[in-house]
Amino acid sequence: MTISPELIQQVVRETVREVISRQDSGTDAPSGTDGIFTDMNSAVDAADVAWRQYMDCSLRDRNRFIQAIRDVASEPDNLEYMATATVEETGMGNVPHKILKNRYAALYTPGTEDIITEAWSGDDGLTTVEFSPFGVIGAITPTTNPTETVINNTIGMLAAGNAVVFSPHPRAKKITLWLVRKINRALAAAGAPANLVVTVEEPSIDNTNAMMSHEKVRMLVATGGPGIVKAVLSSGKKAIGAGAGNPPAVVDDTADIAKAARDIVDGASFDNNLPCTAEKEVLAVDSIADLLKFEMLKHGCFELKDRAVMDKLAALVTKGQHANAAYVGKPAAQLASEVGLSAPKDTRLLICEVPFDHPFVQVELMMPILPIVRMPDVDTAIDKAVEVEHGNRHTAVMHSSNVNALTKMGKLIQTTIFVKNGPSYNGIGIDGEGFPTFTIAGPTGEGLTSARCFARKRRCVLKSGLNIR
Ligand code: NAD
């Protein structure tokens with residue numbers, strides 16, 4: 001094979017540039033602001049300058065920068081720190097599951113391979129459609145997956161050629177700033193333009209609003225509850241809204257009940273039920289409900305039996321139609337102790353039987369309390385699953401070996417993710433086929449977001465020639 005002198009020159013140029021930049025900055029040396037700005041205008045302006053410089057970088061450069069992000073975010077000490085510090089700062093979730101989620105985000109979020117060019121060639125010439133960047137993207141991130149979302153969005157957005165301004169939840173400020181700093185230092189060491197990934201010292205609703213209305217921000221991506229999704233969709237800009245869910249898990253009488261029980265406990269206890277995708281209520285056909293509960297209790301569940309205790313807990317952990325943030329993502333044993341019960345310290349999930357209209361069923365709790373509702377038959381269970389999903393079109397789970405019932409539920413529920421016979425996290429690429437994402441855009445229809453969702457399609461037409469068919 002002959003290698004062209006141009007290619008050799010290019011590789012040498014890039015290697016020299018990388019070595020020089022590594023020497024200049026050192027792998028963990030500060031790079032100016034490290035992407036942290038005192039005010040939103042300066043942050044957006046800096047990201048805009050960075051994006052213009054980024055346009056001069058090659059795809060090979062992009063891949064190198066993305067690899068640097070993967071490396072720093074998957075470094076074992078950093079994974080451990082991120083998970084521990086997030087649990088400490090937000091008071092939500094658990095360390096081992098956060099390590100797992102961050103690792104998946106770092107290693108398996110799709111990169112530039114996701115932006116595939118389409119082409120037509122024929123008598124009239126060659127036409128390509130390429131995924132081109134928007135420019136500066138404003139990304140709003142949740143408390144529930146703060147670092148996972150930053151890693152996942154950064155890789156996808158940079159892979160598509162953008163710069164990104166993050167607006168994190170104030171309750172996850174310290175860890176988000178730490179991560180943005182780490183990413184900036186890794187990018188500087190890899191020779192990337194400064195300030196491709198920025199944020200502000202003091203995240204706030206005012207700063208988020210300033211970001212959303214800044215003329216240099218060309219696209220908004222909101223990962224959070226209904227308020228912020230509505231805000232970005234009302235902004236007048238191209239927006240991706242990844243909103244709330246309330247995923248039901250239907251179990252019918254044809255399911256492998258022992259496996260369904262294990263899968264549901266695994267999914268619903270994942271990161272103390274924080275993921276928007278995690279099972280939030282079980283609708284079980286009456287004839288198998290006792291067996292299902294019996295099997296669930298083998299996997300670290302603790303059953304609440306007294307209705308008065310359940311109602312007391314519900315009054316504590318909900319505020320109207322919403323979860324009480326003070327209890328979101330808390331460990332199961334701690335929640336039990338709030339109502340005077342002493343569940344074993346390693347309890348994974350509190351389970352209880354309640355009627356369909358109970359707040360445990362209707363409210364997106366995001367805590368390890370999993371209500372079970374008895375259903376007379378699978379058709380009713382499917383109808384009630386559709387109702388309790390509240391039209392979010394987010395995630396649903398079903399355990400069944402009846403293909404017709406699975407198909408019926410899939411058609412009726414219309415969720416972005418429908419997991420059959422597995423724990424809910426299989427739906428976001430954790431231990432399931434498909435890539436991982438932490439921004440699941442149901443309302444705006446992108447689905448599980450990746451680089452191509454953060455890009456504009458642009459057509460280039462060359463009239464005549466270059467058709468060799
Ligand atoms: P949240 O809506 O309270 O906050 C999300 C982000 O939006 C934060 O950065 C917050 O500061 C900001 N924000 C909220 N309201 C705002 C407003 N009016 N103006 C400006 N900024 C505003 O959500 P949370 O508690 O951090 O996260 C949990 C919610 O997010 C749940 O409803 C969950 O289902 C959802 N979520 C969805 C996805 C998804 O991919 N679809 C992923 C994670 C979380």
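By convention here, the first residue in the shown sequence is residue 1.
Under the side chain to side chain contact (heavy atoms under 4.5 Å, CB included) criterion, Asp252 pairs with Thr254, Ala255, Val285, Val378, Met398, Ser400, Asn402, Ala405, sequence neighbours left out. Looking at residues two or more places apart in sequence or on another chain, you find a side chain to side chain contact (heavy atoms under 4.5 Å, CB included) between Ala261 and Leu292, Glu295, Met296. Under the side chain to side chain contact (heavy atoms under 4.5 Å, CB included) criterion, Asn246 pairs with Lys280, Glu281, Glu364, Val388, His390, Asn392, sequence neighbours left out. Scanning for ring-ring contact (aromatic ring centres under 6.0 Å, His included) contacts around Tyr327 gives an empty result, with sequence neighbours left out. By the side chain to side chain contact (heavy atoms under 4.5 Å, CB included) test, Ala83 pairs with Val95, Lys98, Ile99, sequence neighbours left out.
Each ring-ring contact (aromatic ring centres under 6.0 Å, His included) pair with one or both residues in residues 272-318, not counting sequence neighbours, would appear here, but there are none.
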side-chain contact (heavy atoms from CB on, under 4.5 Å) between Phe435 and Ser450, worked out: CA-CA 9 Å; Phe435 62 85; Ser450 60; 3.8 Å; yes
Before giving the answer on side-chain contact (heavy atoms from CB on, under 4.5 Å), spell out for Phe166 and Thr154 the whole-Å C-alpha distance, their side-chain angles and the decisive distance to 0.1 Å. CA-CA 9 Å; Phe166 279 108; Thr154 299; 3.2 Å; yes
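Look at Glu75 and Lys182 and you find no salt bridge, because none of the NZ, NE, NH1 or NH2 atoms lies under 4.0 Å from a carboxylate O. Classification of Lys420 and Asp263 as a salt-bridged pair fails, no side-chain N sitting under 4.0 Å from a carboxylate O. Here Glu88 does not pair with Lys174 in a salt bridge; the nearest charged N to carboxylate O distance is not below 4.0 Å.
Heavy atoms from other residues, nucleotides or ligands lying under 6.0 Å from CZ of Arg307 number more than 12. Arg103 CZ: 12 or fewer foreign heavy atoms inside a 6.0 Å radius. When the shell of 6.0 Å around CD of Glu338 is examined, it contains more than 12 heavy atoms from other residues, nucleotides or ligands.
For the pair Lys384 and Phe356, the cation-pi criterion (under 6.0 Å, within 45° of the ring axis) is fulfilled.
Between the side chains of Thr380 and Asp383, no donor-acceptor pair of N or O atoms lies under 3.5 Å.
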